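Okay, structure first, notes after.
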There are 4 protein chains.
Amino acid sequence: MGTGTGTGTSKQQRRGNTRQRIQDVALELFAEQGYEKTSLREISERLEVTKAALYYHFKTKEAILTSIFDDLTRPIDELIAWGHEQPRPVSLETKQKTLTRYSEILVDAAPLFRFMQENQATVRDLKTGESFKDRMLGIYEILKDPEAPMTDQVRCFSALFTMHGGMFVLKDVEGDPEEKRKAILEVAIDLVTRAHTGA
Amino acid sequence: MGTGTGTGTSKQQRRGNTRQRIQDVALELFAEQGYEKTSLREISERLEVTKAALYYHFKTKEAILTSIFDDLTRPIDELIAWGHEQPRPVSLETKQKTLTRYSEILVDAAPLFRFMQENQATVRDLKTGESFKDRMLGIYEILKDPEAPMTDQVRCFSALFTMHGGMFVLKDVEGDPEEKRKAILEVAIDLVTRAHTGA
Amino acid sequence: MGTGTGTGTSKQQRRGNTRQRIQDVALELFAEQGYEKTSLREISERLEVTKAALYYHFKTKEAILTSIFDDLTRPIDELIAWGHEQPRPVSLETKQKTLTRYSEILVDAAPLFRFMQENQATVRDLKTGESFKDRMLGIYEILKDPEAPMTDQVRCFSALFTMHGGMFVLKDVEGDPEEKRKAILEVAIDLVTRAHTGA
Amino acid sequence: MGTGTGTGTSKQQRRGNTRQRIQDVALELFAEQGYEKTSLREISERLEVTKAALYYHFKTKEAILTSIFDDLTRPIDELIAWGHEQPRPVSLETKQKTLTRYSEILVDAAPLFRFMQENQATVRDLKTGESFKDRMLGIYEILKDPEAPMTDQVRCFSALFTMHGGMFVLKDVEGDPEEKRKAILEVAIDLVTRAHTGA
DNA sequence: GATGAATGAGTATTCATTCAT
DNA sequence: AATGAATGAATACTCATTCAT
């Protein structure tokens, strides 16, 4: 279904979508080696353009990163917005749905999340980074019950950590990826359910 | 009966413990700003010595980091060793004890763990980093039951993530630190217990 | 009709030939002070560009040196190629011609050869250095007669050493340069002739 | 006849001859890698002493080199002195004897001469270096005949170059070392003889 | 006769960024 | 839409040397 007839990406095809290609390659490298350790030279070499070309499309190195975040965090923002529109107190069903959708988002944006987890120190003082923590707290707001005891609050966080961490460490464990994702989701939902019902 | 009456550390006092001081300052800065973003210039300036002095005590920048790890990961290695000596199948009690001790270790070496969590991308390709993952899997080995269903395997990982993540994110939540630590530990133990009993 | 009427090189003129200028200045300094003792700072200062500019044109310090060699050793390679195409056994005439041409090459690339002679220790473990020895042996291959007694073999080497050494030490002896070069060439040819005829 | 009974050099043995050992190791390394590229750290590590110890025995790095030269160039100075005492005009016999003795000196101090040849650029601006050139000219003074034509002057230099160069390049040629040395000496003597007789 | 600790000046190299074309 | 050429500031690291002990 591809438009190209030859192998690889022809110069023709490349025209007009360089911006996108920069983002793709950058994310790939950032995730692989970390933000600091990835240089613009590396990115431009892999794209077979000059460093200066990157500056035509983005004002700074940080702007490349930020733009990637912007594209990919939109679904999360929508999820948060949706959650916050739901009637209070938040129903168990809504919480479960939130986790389910979050799990899907996580899979779709896996490289970005991997990057975020592994580069917190760097990302922390990017404006974008700030908002990541906020987003996590945004999801947490949907799940938590302010009246519940501390252990149940922890359970809600735990559900989130389980999903974040699980995505990347379970690679080292045998088993079918989709099955693993489901198991992770199940544990997360279980945690939140128990926090909700106070079981 | 200390010799110094004034404030600050006199040059006298400093003699002989420079190595230790380098490690302290380095960890502080690494945790604050990340490994890559911390330069040897910064470390040496804060210590009021020259960069070259750092090189008298450590062969490379990485060696500074490694030496800090070596000192602080010993307790974990001991815990793993102890766990692996316990009779198989591992009793629930042993698992609980493991988590409890791990929790204490985590608190003691908090800055190091914060650093590790936030600099995974960097730490990954340090030999030392390698071994961190191994250590986590080492603890996991004690907790897990290879026969148990996938969800229970996930619960064991979840317990670990909860402890790691909890330590640092709960800062942003109100409440007494010690109480929070206990709540985290409780949730972790609960997860492992349920995995163990298959409840 | 040059654009500059004043002394020195205008910035206009310099554009586009920086690479060449780096090579010129570098060779000059390398020959004057040795490779190790010449720093990139020195080169860049003399060129009135920044050190980073050097790195735009050459990947490393060694690459500067290598590039100079590449340009200047081509004539030698051509001479060797020519020599090896000649019918065997090599005629005396061919040998004499080889020395004559070699002598001219030596004069043209005098600073480079001076540099090589005086920096053998450094140049030795550069790939480029390797090939210098090979080149010398390449010329030697044309001159030598494998059946001849050891003394005659030595005479052939001696002819080469005489030319190499002569170029630089005879500076300290009175007399017209061109005349001296001719005398050197004559002695070299004489050595090879005697080796050839077994006189 | 050695005093030690064990293998290797015991600490006992080492006492009192550290100065000598420094010179030995230094020359070895200087010859191997060049003067600039050999650091005092390297020397001290190979000797299993501290860098500071070197400074107990020698005022500077250059002083180590100079001291080595002083020890080893004495024979040459004696040869020159002897040569200059001979009646003028210098007889052919004296010239031949000079070359013969020079050849022996060269073999004895081979590493030093190898070093000198390969590090001329470095050695040039050491006071010691100056004197090396002077020494070579000193030998040349004995061999040359100021009235002789330029080609014969060149022959005398050529004899010297042949000996210097020959020592090190003939390594790459098959044959017995002693036999090669003799062949080299023979060629050198032949050159000087022809210069002397004007053949 | 030597060490432990440190310094000051230097090195090659890399990076994000700029700008005229 | 992109390049070629360059910069300024930084970085990790090395070296010869010093000096109190």
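The chains referred to below are lettered A, B, ... by the order of the sequence lines, with proteins before strands, and numbering in each begins at 1. Predicted model, so just to flag it, every value in this text is computed and none were measured.
Close to F/dT11, at under 4.0 Å from its OP1 or OP2, lies a side-chain N or O of B/R41. When the side-chain nitrogen and oxygen atoms of D/T18 are compared with OP1 and OP2 of E/dA2, one or more of them lie within a distance under 4.0 Å. Here B/S39 reaches the OP1 or OP2 of F/dT11: one of its side-chain N or O atoms lies under 4.0 Å away.
A salt bridge is absent between A/E42 and A/R46; no separation between the charged side-chain nitrogens and carboxylate oxygens falls under 4.0 Å.
Taking atom CD on B/E36 and atom C1' on F/dA10, their separation rounds to 14 Å, with Å as the unit. F/dA6 atom C1' lies 13 Å from atom CZ of C/R21, rounded to whole Å. The distance between atom CD of A/E45 and atom C1' of F/dT3, rounded to the nearest whole Å, is 15 Å. Whole-Å rounding puts the D/I22 CD1 to E/dG1 P distance at 11 Å. Between the NZ atom of C/K37 and the P atom of E/dG10 there is a distance of 15 Å, rounded to whole Å. Between the CD atom of C/Q20 and the C1' atom of F/dA5 there is a distance of 17 Å, rounded to whole Å. Atom CG of C/N17 is separated from atom P of F/dG4 by 17 Å (rounded to the nearest Å). The separation between A/L40 atom CG and F/dA2 atom P is 16 Å, rounded to whole Å.
Within the cation-pi definition used here (under 6.0 Å to the ring centroid, within 45° of the axis), A/K61 does not qualify as a partner of A/Y55.
Scanning all heavy atoms of the two residues, the minimum distance from B/G34 to B/N119 falls at CA-OD1, 3.2 Å. Residues A/L40 and A/L54 share a closest heavy-atom pair of O-CD1, 3.7 Å. Across all non-hydrogen atoms, the minimal contact from A/R19 to A/S67 is NH2-CB, 3.9 Å. In terms of heavy-atom proximity, D/L29 sits nearest to D/T38 at O-OG1, 3.3 Å. Closest of all the heavy-atom pairs between A/H57 and A/I22 is CD2-CD1, 3.8 Å. Between A/A31 and A/E118 the shortest heavy-atom distance is O-OE1, 3.9 Å.
Among the heavy atoms of the strands lying under 4.0 Å from A/T38 are primed sugar atoms or P, OP1, OP2 only; no base atom is included.
Within residues 52-67 of chain B, the residues approaching DNA chain F are B/A52, B/Y55, B/T60, B/K61, by heavy-atom distance under 4.0 Å.
Secondary-structure annotation of DNA chain E gives the stems E:2-21 with F:2-21, with a stem taken as at least 3 successive Watson-Crick or G-U pairs whose two distances both fall under 3.5 Å.
The residue among C/T50 and B/E42 whose nearest nucleotide of DNA chain F lies closer to the 5′ end is C/T50.
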For this session: Go through the steps to decide whether A/F30 and A/L112 satisfy the test side-chain contact (heavy atoms from CB on, under 4.5 Å), and finish with yes or no.
Result: CA-CA 9 Å; A/F30 289 165; A/L112 183 66; over 6 Å; no

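For A/K51, the listed nucleotide lying nearest its side chain is F/dA6; candidates were E/dT7, F/dA10, F/dA6.
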